[in-house]
Amino acid sequence: MGWLGAVELGGTNLRVAIGDGSNTLHEQARFPLGTDPTSTLRAIARWFDDRREPLDVIGVASFGPLDLERGAIAATPKRAWRRFPLREELAAALGAPVVLDTDVIAAVLAEWTIGAGQGLDDVLYVTVGTGIGVGAVADGRIHRGRRHPEMGHMRVPRRHGDRWPGDCDYHGDCWEGLASGHALAARYGRLAEEIADPAAWQLESEYLALGITNLSCTFRPERIVIGGGVLAHPGLLDAVRAETAELLNVEYFPECASMDAYLVPPALGEDSGLYGALLLARSSSSATEAE
Ligand SMILES: [Zn+2]
């Protein structure tokens, strides 16, 4: 097996890396996601060209939603990226095959394979950043549904008579529309990391716990890995653990007796998606070799 490429396209940044079949990233870089896909792809191609290593396969973990049949980005507020045929264009720019999947499917793949969910058959990965995304491993397999699930857009009940309309472009007060970093900034008029009001974080912990509770009832996972920028707020993870345990009820869900083991931060830190991209490339590369 030769060198593998990894690309993670996030809402504001993109990351690139070269790795190998032993799940090691050798060199990596980060740059801003351009508003124009063509010049962004040119920048990615230039970075890989400068490394002078021919790549067998490139794994790509992208923000979604994606049309995985066409290998294209589907709906997005970023106009120039809407319906952009990412897989085809990137393969042409880099001269190697591209394996494309969503950022959260890549992240759950990485946490399950080499991170906090190793050895388990039922693991979820939740990211609470600009948006909310969830990737699932159920019965020892990545759960894909039709195209891919959109669990960040589930509905959750309102708390404390809250009537703020929510800020999801498509659903208003879905989970992401109430509890994402973007929603926090829209509701309180400042970046999530600048919000100090304890009542704001209490409400946030309750909304996050409602979503985690619904996911727990649906998948009954052995572990939920939760990351993303919003979880960096001190004490939030513990508050979500406590709220979730109360909602699930330890008599009904005995796993709530050890919430520290049930709801955990990502073992790969901010790198789950990038490692996931590498693993996507590796799985495709070994599949090709096995043929
Ligand atoms: Zn939504």
Side-chain angles (χ1 to χ4, degrees), residues 8-13 33 61-69 72-84 86 101-108 124-136 138 142-192 195 200-201 203-219 221 224-231 233 236 240 243-244 247 272-273:
E8 182 186 20
L9 294 178
T12 48
N13 285 298
L33 182 83
S62 174
F63 65 84
L66 300 176
D67 177 344
L68 289 169
E69 276 170 41
I73 290 171
T76 169
K78 299 180 232 304
R79 287 188 167 275
W81 289 88
R82 225 172 270 171
R83 287 182 281 283
F84 183 73
L86 184 59
D101 222 319
T102 72
D103 44 8
V104 284
I105 283 181
V108 78
L124 303 182
Y125 173 89
V126 180
T127 180
V128 187
T130 309
I132 296 184
V134 185
I142 298 275
H143 175 68
R144 295 186 171 280
R146 180 164 185 261
R147 295 191 171 173
H148 55 80
E150 287 289 357
M151 291 176 259
H153 296 268
M154 70 169 100
R155 303 288 170 158
V156 293
R158 294 304 193 102
R159 280 300 175 98
H160 309 295
D162 177 23
R163 301 182 68 154
W164 186 66
D167 91 325
C168 174
D169 284 349
Y170 299 92
H171 318 111
D173 63 349
C174 65
W175 194 28
E176 174 174 298
L178 289 174
S180 66
H182 198 273
L184 285 170
R187 185 198 283 259
Y188 299 106
R190 70 199 67 180
L191 294 173
I195 298 168
W201 289 106
L203 187 63
E204 175 68 5
S205 70
E206 292 182 31
Y207 281 138
L208 290 181
L210 283 163
I212 299 293
T213 296
N214 293 346
L215 293 170
S216 298
C217 294
T218 307
F219 284 93
I224 299 177
V225 181
I226 184 164
V230 172
L231 267 292
H233 183 77
L236 181 60
V240 177
E243 292 288 341
T244 304
L247 288 167
S272 312

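This chain uses plain numbering: 1 for the first residue, then up along the sequence. Start at 1 and go down the list; that is how both ligands and their atoms are numbered.
Using a 4.5 Å heavy-atom threshold, the side chains of Leu86 and Leu9 count as touching. Taking 4.5 Å as the limit, every side-chain heavy atom of Ile226 sits out of range of all side-chain heavy atoms of Tyr125.
Between Phe63 and Trp81, the two ring planes are perpendicular [angle over 60°; tilted spans 30° to 60°].
Applying the ring pair (Phe, Tyr, Trp, His ring centres under 6.0 Å) test to pairs two or more places apart or on separate chains, those with a residue in residues 149-183 are His153-His171.
Listed by chain and number, the residues in a side chain to side chain donor-acceptor pair (under 3.5 Å) with Ser180 amount to none (sequence neighbours excluded). Applying the side chain to side chain donor-acceptor pair (under 3.5 Å) test to Arg155 and every residue at least two apart in sequence or in another chain returns Asp173.
Around the Zn ion (ligand 1), protein N, O or S atoms at a distance under 2.8 Å total 4; waters are neither shown nor counted.
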